[in-house]
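Below is one structure, written out as structure tokens, with a few remarks after it.
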Number of protein chains: 2
Amino acid sequence: MRADALRNRERLVEVAQSAFATNGIETSLEDIARQAGVGIGTLYRRFPTREDLIAAVLAERYLKLAEVALVLAEEREDPDSALTEWLTLLVEHMALYRGLSIAVKEAMHDQTTALGRTCKEMIDGGARLLGEGQRAGVFRSDVTFSDVLALCSGIVTAAERRTEKAAADPDTPPLNPYLLLDVVLRGLRVEDR
Amino acid sequence: MRADALRNRERLVEVAQSAFATNGIETSLEDIARQAGVGIGTLYRRFPTREDLIAAVLAERYLKLAEVALVLAEEREDPDSALTEWLTLLVEHMALYRGLSIAVKEAMHDQTTALGRTCKEMIDGGARLLGEGQRAGVFRSDVTFSDVLALCSGIVTAAERRTEKAAADPDTPPLNPYLLLDVVLRGLRVEDR
DNA sequence: TGCTAAGCGGAGGCTGACTCCGTTTAGCGT
DNA sequence: ACGCTAAACGGAGTCAGCCTCCGCTTAGCA
């Protein structure tokens with residue numbers, strides 16, 4: 001890869017990251033190219049789809065989440081608190097950019113997209129945490145990890161919506177994602193506790 | 001309203017309903033106008049926004065849901081089974097058209113949109129069922145009805161996604177919306193049962 | 001049967017996705 | 001130091017869909 005191409009690539013990811021943060025992941029790609037000072041053609045050459053760009057922006061953070069899952073799985077003796085802690089991180093992560101939670105949910109099982117591939121390790125990490133809790137008899141075992149992820153995505157999209165609303169109309173009741181996560185976790189635990 | 005205008009309106013709603021069913025609520029409005037045999041201008045005059053059209057398509061069903069909530073609230077002595085039953089209907093309803101669950105969630109608190117106004121009674125009905133359960137000490141009282149709706153929306157979007165996937169790749173694990181609803185309901189119940 | 005308000009429809013403007021190809025340039029080999 | 005060439009660039013152009021505007025048509029009242 002030529003040095004100039006690498007510079008442009010990095011610049012694009014940087015600009016995309018901040019554009020996603022302020023305008024959500026549906027930001028116009030032409031805007032991103034313009035702000036990065038490159039032509040739209042350059043953006044598309046490097047990132048043929050929007051998801052490729054999103055994946056590039058998220059790559060580091062995903063790896064981090066996957067690592068944390070691994071550490072929690074190995075060092076934490078209590079599977080319940082391990083999953084709770086990790087899902088809290090996940091929810092916070094998915095709330096970073098408006099629209100991200102839906103994109104992640106849509107991509108998560110599709111290894112043909114860049115975003116899907118980038119998700120894989122993170123997902124595996126989460127699935128492992130859930131699985132250990134299930135084996136230990138803490139969580140009900142008829143639920144898959146993607147079920148859990150789907151619910152988390154719901155929590156986040158709800159919180160996003162509420163945040164937007166609160167900006168326009170200050171007396172919107174606040175929605176606490178941690179509360180909803182607590183509801184979900186409680187629902188996941190086995191009956192007899 | 002002139003007779004021809006009324007005819008066109010009805011035809012549009014009819015076509016929209018079937019288009020939404022096959023292509024989701026993001027179907028091109030120009031397609032809908034074409035299929036209905038009217039100009040795009042006519043569609044926009046009658047339904048200035050996409051949401052107005054969606055609201056018209058859903059109006060009947062929403063009223064039905066609101067009524068059912070009322071009946072359940074008054075006749076059912078057990079608030080738990082009442083909410084369970086009603087949420088099952090709600091989830092089934094939101095799964096009718098791809099994308100609907102997100103649209104409903106986004107519109108639900110915004111009385112300025114037609115869809116929001118159409119939702120109101122249904123939402124009030126659901127909120128009443130939840131409230132009665134909370135007053136009876138069956139459900140935890142720190143959760144609002146819109147929290148519940150957010151989770152249900154998450155369930156439905158997850159199921160939609162899974163259905164699409166299953167069409168392409170037959171060995172996708174099935175996702176059972178009723179199972180997820182059960183997780184949520186379980187999470188909603190108070191600790192000591 | 002004439003009149004007119006209500007209704008019609010589609011051309012046209014706009015935005016954003018995505019492609020294609022003539023031009024530019026990094027950086028290797030001499 | 002200097003060609004040379006593959007790699008990279010960029011933006012004009014095409015396409016799709018949203019939405020508006022306005023001249024034409026017509027239902028249906030008087």
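Convention: sequence-line order gives letters A, B, ...; per-chain numbering from 1. Just so it is clear, the values below take in all heavy atoms, side chains as well, and ignore hydrogens, waters and symmetry mates.
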### Task
Please check if the side chain of A/Arg189 supplies one atom and the backbone of A/Phe139 the other of a donor-acceptor pair under 3.5 Å.
no
### Query
When all nucleic acid strands are considered with a 4.0 Å heavy-atom cut-off, which category describes B/Thr42: base, sugar-phosphate, or nothing?
base
### Nucleotide nearest B/Glu30 when distance is taken to its side chain, options D/dG17, C/dT19, C/dG27
D/dG17
### Query
Quick check: does any side chain N or O of A/Arg186 sit under 3.5 Å from a backbone N or O of B/Arg186, one acting as donor and the other as acceptor?
no
### A/Arg2 CZ to C/dT24 P, straight-line distance once rounded to whole Å
14 Å
### Side chain B/Gln134, main chain B/Val143, donor-acceptor under 3.5 Å
yes
### Query
In terms of side-chain heavy atoms of A/Met1, which of C/dA11, C/dC18, D/dA8 is nearest?
D/dA8
### Nearest-0.5 Å distance, CG of residue B/Leu115 to CG of residue B/Leu58
6.5 Å
### Message
Whether the side chain of A/Arg45 and the base of D/dG10 hold a donor-acceptor pair under 3.5 Å is what I'd like checked.
### Response
yes
### Query
Counting any heavy atom closer than 4.0 Å, what does A/Arg9 reach on the DNA or RNA strands: base, sugar-phosphate only, or nothing?
nothing
### Task
Give the nucleotide from the list C/dA11, D/dC18, D/dG11 with an atom nearest to the side chain of A/Ile40.
D/dG11
### Message
Counting only side-chain nitrogens and oxygens, does A/Asn8 get under 4.0 Å of the OP1 or OP2 atom of D/dA8?
### Response
no
### Query
B/Ala5 side chain: which of C/dT19, D/dC9, C/dG7 is closest?
C/dG7
### Task
Among D/dA8, C/dC18, C/dG7, find the nucleotide with the atom closest to the side chain of B/Asp4.
C/dG7
